[in-house]
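Below: one structure in structure tokens.
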Number of protein chains: 2
Amino acid sequence: MRIGELSERTGTSRRLLRYYEEQGLIVVERSPNGYREYDERYVDRVLQIKGLLEAGLPTRIIKRILPCLDQPRAIYVSHATPETIAVLERECDRMNERIRFLVHNRDSISAYLDEVRRGRGPDAPETDPGSDTTPAATSSEESVGSRADL
Amino acid sequence: MRIGELSERTGTSRRLLRYYEEQGLIVVERSPNGYREYDERYVDRVLQIKGLLEAGLPTRIIKRILPCLDQPRAIYVSHATPETIAVLERECDRMNERIRFLVHNRDSISAYLDEVRRGRGPDAPETDPGSDTTPAATSSEESVGSRADL
DNA sequence: ATTGACCCTCACACTTATGGAAGGGTTTGA
DNA sequence: TCAAACCCTTCCATAAGTGTGAGGGTCAAT
């Protein structure tokens, strides 16, 4: 498939697909006319990259991590230099920290939301579990920080 | 305390402390001479901000989330507009996704590392659990991508 | 009274992940 | 054959988080 289709199937802009390639995250074949030609596997690969970026890893690290995430893994074992392994170990630690922190703060926010919902009772306006519509940002965007100070 | 001490105690550059203030994440008193004057609570607050940034949240969101993370929480309940609550709910969802993804990928990397370690046997060079020294980046920084392509 | 260690603001610069437009090919379909 | 819809590269732009330096105060100790 060409870049447009991959873009649609992964929800990633063409621009970014080219960027990922430029960063060495993916290596893409070219048709004789110079067009990029992707096969099915790139759909997953791109989604994986997107996810890792979402998770806060920089492309530089993703580039190193990706080859270790392939399915028939044992084959690649020998490709890692001790230095890459060290990088991976450090990154694993960082991910663990990240996870701990994320969980902790998610719990805090969750608890807060629970309280708000309970405090307001069932007359709360948007407490409709099951509707996940992202309400268009209203006008009062900046009027929230009434007591956001320490 | 002044900015230098807070900087040392939180491992955050002075520049960043000023930046957090500029972004409205913290509100800081000034001494008569114009110096910023922080009290103890800022240590935790700054660490929290750092953590949330680490976790990938932008300051704009952190600004909203922070007041909900205070200890005597119930007091602040009424400060949240329905719109802020919606933001929080969405952010909570995103955090959950992030966590899932992070856990999944950490497990993959973990599994990979295990395999590498087992595959290489006990003669592996740097498999010294307990030493967490970050080895100074060696020269072969870019020579890793031997087979990082799809 | 001067030095050195702080602090201040302002401002420019860099990186990363993105968006976007310019200028120019290719393919496809009417 | 002409237009629409793709594709290409190159370059410029932006936001966020940071670093760094200039130019200039404050203050404590010598």
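Chain A is the first sequence line, chain B the second, and so forth, proteins listed ahead of strands; every chain is numbered from 1.
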Does B/Lys63 reach the main-chain N or O of B/Ile26 with its side chain, forming a donor-acceptor pair under 3.5 Å?
-> no

Pair listing, side chain to side chain donor-acceptor pair (under 3.5 Å) test, anchored in residues 11-20 of chain A, at least two apart | A/Thr10-A/Thr12

Not counting sequence neighbours, which residues clear salt bridge (Lys or Arg N to Asp or Glu O under 4.0 Å) with A/Arg36? List them please.
->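 Partners of A/Arg36 under the salt bridge (Lys or Arg N to Asp or Glu O under 4.0 Å) test: A/Glu21.
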
Do B/Ile49 and B/Leu53 come within less than 4.5 Å of each other through their side chains, counting heavy atoms only?
->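 A side-chain contact under 4.5 Å exists here.
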
Run the salt-bridge test on B/Asp114 and B/Arg117 with the 4.0 Å N-O cut-off and return the result as yes or no.
-> yes

When all nucleic acid strands are considered with a 4.0 Å heavy-atom cut-off, which category describes B/Arg2: base, sugar-phosphate, or nothing?
-> sugar-phosphate

Side chain to side chain, A/Gln48 and A/Arg45, heavy atoms closer than 4.5 Å |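 Answer yes - side chains close enough.
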
Side chain to side chain contact (heavy atoms under 4.5 Å, CB included) against B/Asn96, all qualifying residues, sequence neighbours excluded | A/Arg106, B/Ile99, B/Arg100

Looking for any heavy atom pair under 4.0 Å, which part of the strands does B/Arg14 touch: base, sugar-phosphate only, or nothing?
->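 Here B/Arg14 touches the backbone only, sparing every base.
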
Closer to the 5' end of DNA chain C via nearest nucleotide, is it A/Gln23 or B/Ile3?
->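 The residue whose closest nucleotide sits nearer the 5' end is B/Ile3.
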
Does some side-chain heavy atom of A/Ile62 sit less than 4.5 Å from a side-chain heavy atom of A/Leu25?
->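 Yes, side chains in contact.
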
Partner residues of B/Asn33 under the side chain to side chain contact (heavy atoms under 4.5 Å, CB included) criterion, sequence neighbours left out =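 Result, side chain to side chain contact (heavy atoms under 4.5 Å, CB included) vs B/Asn33: B/Ser31, B/Tyr35.
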
Apply side chain to side chain contact (heavy atoms under 4.5 Å, CB included) to B/Glu5 and list each qualifying residue two or more places apart in sequence or on a separate chain.
->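 B/Glu5 satisfies side chain to side chain contact (heavy atoms under 4.5 Å, CB included) with B/Met1, B/Arg9 once adjacent residues are dropped.
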
Nucleotides bounding contact with chain A, strand DNA chain C, heavy-atom threshold 4.0 Å |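 Listing 5' to 3', DNA chain C meets chain A from C/dT16 to C/dT27.
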
Note down the inter-axis angle between the two ends of the helix from C/dA1-D/dT30 to C/dA30-D/dT1, five pairs each, to the nearest 10°.
->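 Answer rounded to 10°: the end axes differ by 10°.
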
Check the interface with nucleotides 18-20 of chain D: list each N/O to N/O pair with the protein under 3.5 Å, or write none.
{"unit_1": "D/dT18", "atom_1": "O4", "unit_2": "B/Arg15", "atom_2": "NH2", "d": "2.9"}
{"unit_1": "D/dG19", "atom_1": "OP2", "unit_2": "B/Ser13", "atom_2": "OG", "d": "2.9"}
{"unit_1": "D/dG19", "atom_1": "N7", "unit_2": "B/Arg15", "atom_2": "NE", "d": "3.4"}
{"unit_1": "D/dG19", "atom_1": "O6", "unit_2": "B/Arg15", "atom_2": "NE", "d": "3.3"}
{"unit_1": "D/dG19", "atom_1": "O6", "unit_2": "B/Arg15", "atom_2": "NH2", "d": "3.1"}
{"unit_1": "D/dT20", "atom_1": "O4", "unit_2": "B/Arg15", "atom_2": "NE", "d": "3.1"}

Apply side chain to side chain contact (heavy atoms under 4.5 Å, CB included) to A/Glu54 and list each qualifying residue two or more places apart in sequence or on a separate chain.
->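 With sequence neighbours excluded, A/Glu54 shows a side chain to side chain contact (heavy atoms under 4.5 Å, CB included) to B/Arg94, B/Arg98, given in chain and number order.
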
Neighbours of DNA chain C within residues 28-36 of chain B, by heavy-atom distance under 4.0 Å | B/Arg30, B/Gly34, B/Tyr35, B/Arg36

